[in-house]
Structures are given as structure tokens and as C-alpha cells.
Amino acid sequence: GVPPETLAALGDSEQLWVNELLFSMLPMSLRLPGIKLDEGRQIPLDFPYGQITAPTLVLHARDDTLVPIVQGMNTSAVIPGANSVIFETGGHFLLGETVAIRGHITTFLE
């Protein structure tokens, strides 16, 4: 879910974190039931997003190769009062944006 150029731009500590994250997911065969469950879930087209009253923060990267940016933008548009932060890069894991993300979450929770 992360473009190669985004990975290449990471510092050494972030690249180490990515490698540790990916290694922790192995063996993928143990995750297959969960992956199949996720793939089989569909949010109905008529889901009542407009009825969501919980404060909502949507974080997404334009270069996420697993979940298209349009989904993040649509989610923030249809949930009343949702706050949205769109990063240009970072891929599916929002790599390289840890400090900014913590700031946005702290502000949101305050």
C-alpha cells in the first residue's frame, strides 16, 4: 500500500519500523481467515453516514495504493462535522507523517 518512492524517502529508523511491521505480519498464512473476512465485508451503499454523531477524524494519504483517496474524501464529506486530514504522501501506513498525525490526533481529542 506504499509507493516505492515513498519508502525510499524514509529515514533509517522509519525503514526499520516498516521492516519490523512487515515481519510481524508473517506468516501471512495465519492471517488468511481475517483477510478473507475483510474482503467479504461490504458497507451498504445506503449506509446512513449522515446519522453518525460521534466526532470523526479521517486521515488518508493521496498515494495510498490499497484504499483510494476518494474513499477517505467521501467518508469525511458524508459524516456530519467530520475532520479530514489528507497527506500527499505516506501510503497506506501514512509513513513519514508520525509527528503530524500525533499533532492532529491530539488537537482532535482536545
From CZ (F87) to CD1 (I69), nearest 0.5 Å: 10.5 Å
Atom pair CG/CZ of D38 and R31 - distance to nearest 0.5 Å: 11.0 Å
Exam field: side chain T107 to backbone H104, donor-acceptor pair closer than 3.5 Å: no
Separation between OG1 of T6 and CG of D63, rounded to the nearest 0.5 Å: 4.0 Å
Evaluation steps, side-chain contact (heavy atoms from CB on, under 4.5 Å), between T89 and E97: CA-CA 8 Å; T89 61; E97 301 295 349; 4.1 Å; yes
same_hphob_cluster(I52, I43) at 4.5 Å side-chain heavy-atom cutoff: yes
Reported CG-to-CG distance for the pair L10 and N19, which is rounded to 0.5 angstrom: 10.0 Å
CD on Q15 to CG on L95, rounded to 0.5 Å: 9.5 Å
Hydrophobic cluster membership, M25 vs L32, 4.5 Å side-chain cutoff: no
Check: V67 main-chain N/O paired with H60 side-chain donor or acceptor under 3.5 Å: yes
Steps toward side-chain contact (heavy atoms from CB on, under 4.5 Å) verdict (F93, V18): CA-CA 9 Å; F93 295 109; V18 170; over 6 Å; no
Path from L66 to V70 over hydrophobic side-chain contacts below 4.5 Å: no
Contacts of E88 that satisfy side chain to side chain donor-acceptor pair (under 3.5 Å) - sequence neighbours left out: R62
Which residues share a ring-ring contact (aromatic ring centres under 6.0 Å, His included) with Y49, sequence neighbours left out: F47
Cluster link I101 to V85, ILVMFWY, side chain under 4.5 Å: yes
Closest non-hydrogen atom pair between A82 and S76, with its separation: CB-O, 3.6 Å
Any side-chain heavy-atom pair of D12 and L16 under 4.5 Å: no
Derivation and outcome, side-chain contact (heavy atoms from CB on, under 4.5 Å), residues T56 and N83: CA-CA 6 Å; T56 303; N83 294 303; over 6 Å; no
Gap separating the CD atom of E110 from the CD1 atom of I105, nearest 0.5 angstrom: 12.0 Å
side-chain contact (heavy atoms from CB on, under 4.5 Å) between T65 and V2, intermediate numbers included: CA-CA 6 Å; T65 61; V2 181; 5.9 Å; no
Atom CD1 of I35 with >12 non-hydrogen neighbours under 6.0 angstrom: yes
Nearest heavy atoms of G91 and A61, plus distance in Å: O-CB, 3.5 Å
same_hphob_cluster(V99, L21) at 4.5 Å side-chain heavy-atom cutoff: no
